[in-house]
There are 2 protein chains.
Amino acid sequence: MPPRTRERPDEAAKDHVRLRMTVAYDGTGYVGWQLQPEGVSVQLKVEEALGRLFQPVPRVHSSSRTDTGVHALGMVVHFDVAKPQWRMEPRKLVLAANAHLPTDIRVMDAARVRPDFHARFDASGKQYRYTVWNESAENPLLRTQAWHFPRPLDLAAMRSAARALVGRHDFLAFSATPGYERLSTVRNVTRCDIQRSGSRLTFVIEADGFLYKMCRGIVGTLVQVGVGKIPPEAIVPMLAARDRRLAGMTAPALGLVLWKVYYRRKGRPATAVEVGGEVGDE
Amino acid sequence: MPPRTRERPDEAAKDHVRLRMTVAYDGTGYVGWQLQPEGVSVQLKVEEALGRLFQPVPRVHSSSRTDTGVHALGMVVHFDVAKPQWRMEPRKLVLAANAHLPTDIRVMDAARVRPDFHARFDASGKQYRYTVWNESAENPLLRTQAWHFPRPLDLAAMRSAARALVGRHDFLAFSATPGYERLSTVRNVTRCDIQRSGSRLTFVIEADGFLYKMCRGIVGTLVQVGVGKIPPEAIVPMLAARDRRLAGMTAPALGLVLWKVYYRRKGRPATAVEVGGEVGDE
């Protein structure tokens, strides 16, 4: 492995150009976004591709750390390149990076940003989407991108429960991991919709931030509401109890897509890094 | 290969049970539905799976013959089984067949039907859907199920052209192959919509029947309308001219899905073998 740049303080970055990219990937074959001691991560592939264009290999900072098997259409990342090396249009960077990436990872767009932009710390919100295929037989066209759930689901009950999740709540009960003891587990969920198109359910979940596996905890719980195992009115006491054992199961990774990341800087209105659009918005 | 049953006249079928199945498949790895001298077809895999359940191996008759790389969610087929061998519930047939099929082919449902039902000759209409990903970079989640078309498209012009295709017309200009000299090339297109969701376009095309590569000819032509190469008002004279060279290109196979097949028998209302539902219908 070639040597990597170390993260340096923003003050020292004046000899560098900071670039932002939106990255989409089919997470099926990866151990998630982040570099791991074992296995191939999306970050590794993106850094390797950028290493074919810039030296030393840029360290890529992401807005989110998607898990093994989770997909993305709108992952936002940033990285720095030494000024003397920056000779291309951002549009050319997209083409050049994609030429060195496998077909299951694509750079969707790129832009030069201010040297203090940070993909993670500047994010003001994120939207995830989760797909469930709700029919007795699997849909072969969705077999790597949807949770196949064969039992009938009560959509009205699920939507009622979803509404109870919207707002500023402590979501500890919906997160899979300990380690939050000293951090706030309060998040503001601004949207939790379930859209139906035939046998395909799309959960659209938007918040100012997400705890680890929170999205999948929400979907798993809503599906258990859908089969009658959890009543919709149990959601409010579930949030209050802050106990993971009271919420529902964690939905499998393959149905989840990091859809977009929102940024709002210095009083400007939020701007979405939009890739995929709404479900049936026209 | 074990011997196959020969198709016999329906009058002689009284010792047999006729079964109808809906089959879905990811066509990426197949030479199309139909058995071919070379390559693996979906029909081969379905007949092999049924051959694990019934002897002799049933010959499967399909509503349609999808091309190499074309997908299906609602392919309808029928086949016969000797009465002494028919001991299972249709629901069990779905599970048993799927246990012997690869994961990119699924039997969605099965039913016993009257011995004179014919998947192809009784079909009263079909719906195809075609997906275009219209952004400069490819969508890795759609890379085997959408035509990546990076140039901007004029959706209003495309929709205007699409409306001109609806109705009973001679579609010879939109079909790829000769051989129709002695057959009617008139078809009744009952629906030709383009739905947009972000950068994803879905063409919904419904007709009482389709000529060979007609759907892909329609989509290719509409996309050429979208880039300004063909004006929308050229569609009507194009139909009248009956000349393939005047219509647009044939869109690639990977974006096409046989969505559903309609049946109407003996004055009963049409019933859809519904699998996937509408785009954003709720």
Side-chain angles (χ1 to χ4, degrees), chain A residues 21-29 42 71-74 91 94-95 97-98 101-110 129 131 133-145 148 150 155 159 194-202 257 259-260 272 274-282, chain B residues 21-29 42 71-74 91 94-95 97-98 101-110 129 131 133-145 148 150 155 159 194-202 257 259-260 272 274-282:
Chain A
M21 299 194 308
T22 306
V23 184
Y25 47 89
D26 177 345
T28 307
V42 180
H71 315 291
L73 278 183
R91 197 173 52 85
V94 173
L95 296 173
N98 283 336
L101 281 167
T103 58
D104 52 6
I105 305 176
R106 292 288 96 179
V107 174
M108 305 305 280
D109 60 45
R129 295 194 181 187
T131 304
W133 177 251
N134 183 31
E135 192 160 321
S136 56
E138 175 65 296
N139 180 336
L141 293 174
L142 292 175
R143 69 192 189 282
T144 61
Q145 294 175 27
H148 175 215
L155 191 58
R159 283 174 169 161
I194 309 169
Q195 301 174 354
R196 193 171 78 85
S197 175
S199 302
R200 179 179 181 151
L201 301 182
T202 304
V257 181
W259 197 261
K260 52 187 167 184
E274 171 78 56
V275 175
E278 298 300 300
V279 174
D281 59 357
E282 187 169 323
Chain B
M21 299 195 307
T22 307
V23 184
Y25 47 89
D26 176 345
T28 307
V42 181
H71 314 290
L73 278 182
R91 196 172 52 85
V94 172
L95 297 173
N98 283 335
L101 281 166
T103 57
D104 53 5
I105 305 176
R106 292 288 97 177
V107 174
M108 306 305 280
D109 60 45
R129 296 195 179 186
T131 304
W133 176 252
N134 183 31
E135 192 160 322
S136 55
E138 174 65 294
N139 180 337
L141 294 175
L142 292 175
R143 68 193 189 283
T144 61
Q145 295 174 27
H148 175 214
L155 192 58
R159 283 175 169 159
I194 308 168
Q195 302 175 354
R196 192 170 78 85
S197 175
S199 302
R200 180 180 181 151
L201 301 182
T202 304
V257 181
W259 197 262
K260 51 189 168 184
E274 171 77 55
V275 175
E278 296 301 301
V279 174
D281 60 356
E282 185 167 323

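Proteins get letters first, then strands, A, B, ... in listed order; numbering begins at 1 in each.
- Between chain B and the residues A:Leu141, A:Asp104, A:Ile105, A:Asp26, the most heavy-atom pairs under 4.5 angstrom are made by A:Leu141.
- Of the atoms belonging to B:Val257, it is side-chain heavy atoms, and not backbone ones, that fall under 4.5 Å from chain A.
- For A:Thr103, the parts sitting under 4.5 Å from any heavy atom of chain B are the backbone and the side chain alike.
- Only the side chain of A:Arg143 comes within contact range of chain B, with at least one heavy atom under 4.5 Å from a heavy atom of that chain.
- The shortest heavy-atom contact between A:Met108 and B:Glu138 is SD-O, 3.4 Å.
- Per-residue heavy-atom pair counts under 4.5 Å with chain B were compared for A:Pro102, A:Ala72, A:Pro140, A:Ala137, and the maximum is reached by A:Pro140.
- To the nearest 0.5 Å, atoms NE2 (A:His148) and CZ (B:Arg106) are separated by 9.5 Å.
- Within the 4.5 angstrom heavy-atom criterion, only side-chain atoms of B:Asn98, from C-beta onward, approach chain A.
- Using a 4.5 Å cut-off between heavy atoms, B:Gln145 touches chain A through its side chain atoms alone.
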